[in-house]
Structure formats: C-alpha cells, structure tokens
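Counting convention: from 1, in listed order, for ligands and their atoms alike. We count residues from 1, following the sequence as given.
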Amino acid sequence: MIESPAVSSVANAPQRDSAYQTALTQFDRAAQILNLETGLYEILRAPRRELIVNFPVKMDNGEVRRFTGYRVHHNTARGPTKGGIRYAPHVDLDEVRALAMWMTWKCAIVNIPYGGAKGGVVVDPKQLSLCELERLTRRYTTEITPFISPEGDIPAPDMGTNPQVMAWIMDTYSMHRGYSVPAVVTGKPVNIGGSAGRFEATGRGIMFTVREAYRTFSWRFENIALAVQGFGNVGSITAQTAYEMGCRVIAVSDVSGGVYNPRGLDIPRLRRFVKEHGSVSSFPDGDRITNQELLALQCDVLVPAAMENQITAANAAQVRARVVAEGANGPTTPAADEILLEHNVLVIPDILCNAGGVVVSYFEWVQSLQQLFWEEEDVTHRLERIMVRSFHDVYELALRMDLDLRTAALVLGVGRVAEATRTRGLYP
Ligand code: GLU
C-alpha cells in the first residue's frame, strides 16, 4: 500500500508554501537562543545543495509525460545526508527544503550520524498504474544518481512512497553499478536486505515517546484515549501500537474522513477493513466525523500523522487534547504552537516524536553495510532506548532553559550541528 497524504481538509489548509516559512521561523528562534555566530547562522539556515530534475516517463497509453522532481541536501556536518522521498501533487522546492532541514535537526536530536535531506516528485501516485510508478521511480532515481550513494545520501520512504518504491530505487542504482548496493536506500522490503521492524518504526517510536512523557509527568497511561489523524504507515502503526499498549484509539481519519467510537476502535479489524475497502470512513463500528472534528475531539493524546499545516491559528484553540504527539512533519504552525502553549497542551514535536523511522533506517543502513542482520526484538529494543533517551535529553534541556519541548528540541538539534561544524572547521 502506498502511504497516503491522509487528510480531507487540504482544500481549506493555509498556503502550501508555509512549511519552509515554519522551518525558518523555528530555526531563527533556536539560533537566537544559542546565540549562533553570524557565519554559522547563515550556513545552517540554507540548504547545502539542491537538485531539480525534469524527466520524461512513458505512460501506459504510449504518451510521454514530463515530471519534476527534487533532492535537497540540507547539511552534512554530522555525516551523510538522510531523508525520505515523497510523491505528492503539491510537492515543491520549498516544501522539500523545509523537510530536509527538519531531517538535519531530527538526526542530531536522536544522535545518529547523519545530516538531513529530502526528495520529492510532483505526482499523485494513486493516478498511476504500478508499471507507470515503476518507470517514474527508475527514471527519477537515475536523474538523482549524482546526489545519492551509501556514503553520501541515503533516501527512504515518505508520503506517497513505500518499500516497493525503495526496492526499485535500490535495483536501479545497483543496475548502474553492476552489483547490488543495498545500503543506498532504507525502508526496503525485508527480503532484499531491509530491516525487521523498519516498517513499524515511526509509529512505535511515537508511542514509546508518548508513554515516556506520561511516565515522566506521573500521568496515568493505561486506557488513555487517542485520536489519530492520518491512516497511512505512520497513523496506522501508531494506532496499532497504542491499541497493543492498552490505550483506547477513539478516532482515526484519512482523506475520506474519519470514524469515531468513544469506547475505542478495534484497530486490527479496522486495518483489515482498510485493506479491503481502501479507507476508514465507512468502517461500521463507529460514527463518521470529519478531519476537523477529529482535531477538536476531547481526548488525551492527539496524533496528527497526515501532513503539514494541520493545526493552525484557525483551529488550535479548539484542540482539547492534553498532548499533541506529532507523527507528521510540520503539522503545527508557529502561530498554533503559541496557542497550544497558552492552553497548556503539551506538544511533543515532530523532530523528536516521529524520529523512530530514521532511527531504524540507521539500523537498516548499518545492517546493509555489514550484511549482518538483527532480530526484530533487538531493533525495537534499541529503538525504544533511543526514543526514551532522546525524550529525556530534550525534556531536561527544556527544564534547564525554561523552554517548551519544540524549542528545546530545536536548540538541542541545531546546537549539536553547530558544534560539529565548529569541530570540523572551515575548508579551505
Ligand atoms: N521520511 C521519514 C522522516 O521524515 C524517514 C526518513 C528516513 O528514514 O530516512 O523522518
């Protein structure tokens, strides 16, 4: 299944290009707190390299169509760049820049040896046949080949892409080399060198972080009520993990709308239903709600796991959750952040909360380089340790400097990248 941009509220979402504005605003705040020297500020604020590719794909009806794709490397101070590739009709260079910058801070916060990158192709993957999707992927891979490598930049799945797409990327890159290069991409299917537990990593990581937050504040965790916006890879695995941890998932949604049941949804049954029917909204065991209604539900934890700019100045005051655990990248605008803070809603920021995906991508890369594979139990155990440690790194910084968690996470991430840059020194 292709991960879907899982909201119906796109029509009334604010300006699409604001993700980069959000990323820059967040960076400026962290830079100011860190008192970054001007040169370093200028460097970290801009992407290191940007590639735009326009390329042809032959469609099934024989027609040739031109597609546009991107790959942006934001920063390489701490290691090779890492980040997903998204296929979505609204992707543009600014969105990819924002996502690449967030990857840099995210990798630094969880302390894995990567810089940040992101890629994207302007396409609605649901409008393509499987063969068209494969040809598009192989040609895009070829076009960005100068930018990717196991040592330099390692792509992974994101919105609209999945393990099959990663397999085509790996195969195309390998064909050009003349031998298999599994470490060029992560999020691959397990049968060609992917990691056990990678598919589940982001959702599991989110719930490990939420549980640790509850533990830290001595809040009762059992039977808490969650509402999850988005039922792609991130949303569905978050819901599944919450269900397995004994929480009540009272609402979920996707592009078609949502379903609400205050007693808690049977998530395994709902996932089977979605496999068969393609969406959550007609699930019989609950009431239909809209995406906007879901965001305003009375619940303990709200998980926006769909896309950017969902919680905005227009609806933040309606959020009635105690915790917002950001599964998506950039779901909350800076103006909404302020409102949530005023309303005492604890926001666990994306660059901490959803970092489980890239953490297990790191494990997959290590396994691919070594050709030595780990049990799923080990993967998930190590993932939990990193998420718990990272939560405390951020939380303790927040306490010490009297910051909200997002600002603390940014200060931690930007600070680590700044330090690495200083240590490496300036070439030439
Ligand atoms: N696309 C995911 C993210 O936004 C994962 C990136 C990766 O595994 O490299 O964090």
Considering only the protein, which heavy-atom contact is closest to [atom], and what is its distance?
atom	answer
atom 10 (O) of ligand 1	K106 NZ, 2.7 Å
atom 5 (C) of ligand 1	R198 NH2, 3.7 Å
atom 9 (O) of ligand 1	K82 NZ, 2.8 Å
atom 8 (O) of ligand 1	S361 OG, 2.5 Å
atom 7 (C) of ligand 1	A156 CB, 3.3 Å

Number the atoms of ligand 1 from 1 as they appear, then name those within less than 4.0 Å of a heavy atom of [X], with their elements.
X	answer
M103	3 (C), 4 (O), 6 (C), 10 (O)
G357	8 (O)
G83	9 (O)
K118	1 (N), 3 (C), 4 (O)

Is [Y] paired with [X] through a side-chain N to carboxylate O contact shorter than 4.0 Å?
X	Y	answer
E143	R139	yes
R29	D404	yes
R215	E212	yes

* **F208-F391 aromatic ring centre distance below 6.0 Å** =>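 Centroid distance F208-F391: not below 6.0 Å, so no.
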* Ring centre gap for W374 and H381 strictly below 6.0 Å ->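 Centroid distance W374-H381: not below 6.0 Å, so no.
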* Under 4.0 Å from ligand 1, counting heavy atoms only, is it the side chain of N329, its backbone, both or neither? ->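 For N329, the contact with ligand 1 is made by the side chain alone.
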* Using a heavy-atom cut-off of under 4.0 Å, does the side chain or the backbone of P157 touch ligand 1, or both, or neither? ->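 It is the backbone that gets close, since no side chain atom is under 4.0 Å.
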* Look only at the side chain of N354 and the backbone of A328, and say whether a donor-acceptor pair between them is shorter than 3.5 Å. =>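 Yes, the answer is positive, given that a donor and an acceptor are paired below the 3.5 Å cut-off.
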* Could you say whether the N/O atoms of I154 and ligand 1 ever approach to under 3.5 Å? =>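 It does not: no N or O of I154 is found under 3.5 Å from an N or O of ligand 1.
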* To do: Measure the shortest side-chain to side-chain distance between E293 and S253 over non-hydrogen atoms and say whether it is less than 4.5 angstrom.
  =>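 No. Closest side-chain heavy atoms not under 4.5 Å.
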* Plane angle bin for W365 and Y362 - parallel if under 30°, tilted between 30 and 60°, otherwise perpendicular ->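 Rings of Y362 and W365: tilted, as their planes differ by 30° to 60°.
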